[in-house]
Participant: 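Pasting a structure here, questions to come.
The analysis underlying the following values was restricted to heavy atoms, covering all of them including side chains, and did not include hydrogens, waters or symmetry mates. Numbering of residues begins at 1 and proceeds along the displayed sequence.
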Amino acid sequence: MRLPLVTALTLLLLWTLVAQVNHALTGLRVYLFVGSLFVTFAALKLPLRSGLGASLLGGLLCDANAPVAFGTHTLLFAAAHAVVFHLRDRLPRDDTLARVIVALLANLALFLMFSFIQIARSPAPAVAWPRLIADLACSQIFLALVAPWFFALQLRAVTLAGSSRDLAV
């Protein structure tokens, strides 16, 4: 029970920091989406139940403040967790570069799925795509810069909580 809660606390910190960065970027009309950071560490390093619990808590956290149908983030994060968890035995989980690449690919998939779900409600979908592509490019660059720090933070938080023996090797 401690493992998903400790991981969820790091996700709360991530959510707060990204919300502040997005607030600061409103003048530039840029929105950063780093949904894969809510999933990647949990899917690669935690057992299934603990990791899925952390990913679901992260999805609920994102859903609580997003102007979308409640459960959208939670459902997409659970699906991304299942895919990454299924592939984790084929990936070098202890390599930071590999984790960042997994996070970038998962973020691309989550961003596109989220965009296709939301763009259907737009009166002029073709007009939104240039902005979405710019947001995706900025999000991917930001994620590549922040992901190593965040993965180290999550690992350290789990270690400090005394739950590091539960991590998958």
Side-chain angles (χ1 to χ4, degrees), residues 1-26 28 30-85 88 93-94 96 98-115 117-118 135-136 138-168:
M1 183 64 179
R2 184 185 311 173
L3 200 54
L5 291 178
V6 169
T7 307
L9 286 175
T10 62
L11 297 179
L12 177 63
L13 175 66
L14 173 69
W15 177 79
T16 304
L17 292 174
V18 172
Q20 290 300 313
V21 170
N22 277 330
H23 178 71
L25 293 174
T26 55
L28 300 174
V30 174
Y31 176 78
L32 299 177
F33 178 77
V34 292
S36 69
L37 286 181
F38 288 88
V39 174
T40 305
F41 180 82
L44 290 176
K45 298 295 279 180
L46 303 182
L48 179 61
R49 291 181 74 162
S50 299
L52 187 58
S55 294
L56 291 175
L57 286 172
L60 290 172
L61 179 67
C62 291
D63 277 333
N65 199 29
V68 297
F70 190 76
T72 304
H73 286 92
T74 306
L75 181 64
L76 289 176
F77 288 2
H81 180 90
V83 170
V84 173
F85 185 84
R88 81 181 191 170
R93 291 179 276 180
D94 293 329
T96 303
R99 281 187 270 182
V100 171
I101 291 171
V102 169
L104 286 169
L105 292 173
N107 201 60
L108 174 65
L110 284 169
F111 187 90
L112 290 175
M113 290 300 296
F114 193 75
S115 296
I117 290 170
Q118 295 304 315
D135 287 348
L136 176 62
C138 292
S139 296
Q140 295 293 76
I141 292 168
F142 180 75
L143 187 131
L145 295 173
V146 171
W149 166 79
F150 188 64
F151 293 146
L153 174 76
Q154 286 184 306
L155 185 61
R156 186 68 179 150
V158 168
T159 303
L160 286 173
S163 300
S164 60
R165 67 188 182 317
D166 297 331
L167 292 177

Participant: How close do A157 and T10 get, counting heavy atoms only, and between which atoms?
Facilitator: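 It is CB-CG2, 3.6 Å.
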Participant: Is there a donor-acceptor pair closer than 3.5 Å between any side-chain N or O of N107 and the backbone N or O of L37?
Facilitator: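 Not a single qualifying donor-acceptor pair exists.
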Participant: Could you tell me whether the side chain of R88 and the main chain of A43 form a donor-acceptor pair under 3.5 Å?
Facilitator: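 Between the backbone of A43 and the side chain of R88 there is a qualifying donor-acceptor contact (under 3.5 Å).
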Participant: Testing the basics here: between V39 and A80, what is the closest heavy-atom pair and its distance to 0.1 Å?
Facilitator: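 Nearest pair, atom of V39 first, then A80: CG1-C, 3.8 Å.
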Participant: Quick one, L155 and F41 - any side-chain contact, counting heavy atoms below 4.5 Å?
Facilitator: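 Yes. Closest side-chain heavy atoms under 4.5 Å.
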Participant: Which pair of heavy atoms, one from Q140 and one from L104, lies closest together, and at what distance?
Facilitator: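 So the two residues come closest at NE2-O, 3.0 Å.
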Participant: Between Y31 and N22, which heavy-atom pair has the shortest distance, and what is it?
Facilitator: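 What the structure gives for the nearest pair is CE1-ND2, 3.4 Å.
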Participant: With a 4.5 Å limit on heavy-atom distance, are the side chains of H81 and L48 in contact?
Facilitator: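 SC-SC contact between H81 and L48 confirmed.
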Participant: Ignoring hydrogens, what is the shortest heavy-atom contact between A54 and L11? Give both atom names and the distance.
Facilitator: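 Closest approach of A54 to L11: O-CD1, 3.4 Å.
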Participant: Sequence neighbours excluded, which residues qualify as ring-ring contact (aromatic ring centres under 6.0 Å, His included) partners of F38?
Facilitator: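 Partners of F38 by the ring-ring contact (aromatic ring centres under 6.0 Å, His included) criterion, ordered by chain and then number, come out as F77.
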Participant: Partners of A19 by side-chain contact (heavy atoms from CB on, under 4.5 Å), sequence neighbours excluded?
Facilitator: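 None.
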Participant: Where do V34 and S139 come nearest, in terms of heavy atoms and distance?
Facilitator: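 Nearest pair, atom of V34 first, then S139: CG1-O, 4.4 Å.
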Participant: Quick one: list whatever passes side-chain contact (heavy atoms from CB on, under 4.5 Å) with L28, sequence neighbours left out.
Facilitator: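 side-chain contact (heavy atoms from CB on, under 4.5 Å) check on L28 returns L25, V30.
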Participant: Going by the rule side-chain contact (heavy atoms from CB on, under 4.5 Å), which residues pair with T96 if we only count those two or more places apart in sequence or in a different chain?
Facilitator: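 Here the qualifying residues are R99, V100, P148.
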Participant: Using the side-chain contact (heavy atoms from CB on, under 4.5 Å) criterion, which residues pair with T40? Sequence neighbours excluded.
Facilitator: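 Residues passing side-chain contact (heavy atoms from CB on, under 4.5 Å) with T40: S36, L44, V102, A103, F151.
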Participant: Just so I know, are the side chains of I141 and L145 near enough to count as touching, which here means a heavy-atom distance under 4.5 Å?
Facilitator: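 Sidechains of L145 and I141: in contact.
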Participant: Let me confirm one number: the CG-CZ distance from L136 to F114, rounded to the nearest 0.5 Å.
Facilitator: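 Interatomic distance, L136 CG to F114 CZ, rounded to 0.5 Å: 13.5 Å.
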Participant: Counting only pairs under 3.5 Å, give me each side-chain donor-acceptor contact of residues 62-76, with atom names and distances, residues two or more places apart or in other chains.
Facilitator:
from	atom 1	to	atom 2	distance (Å)
D63	OD1	H73	N	2.9
D63	OD1	H73	ND1	2.9
D63	OD2	G71	N	3.0
D63	OD2	T74	N	3.1
D63	OD2	T74	OG1	2.7
T72	OG1	A69	O	2.7
T74	OG1	G59	O	3.4
T74	OG1	L60	N	3.2

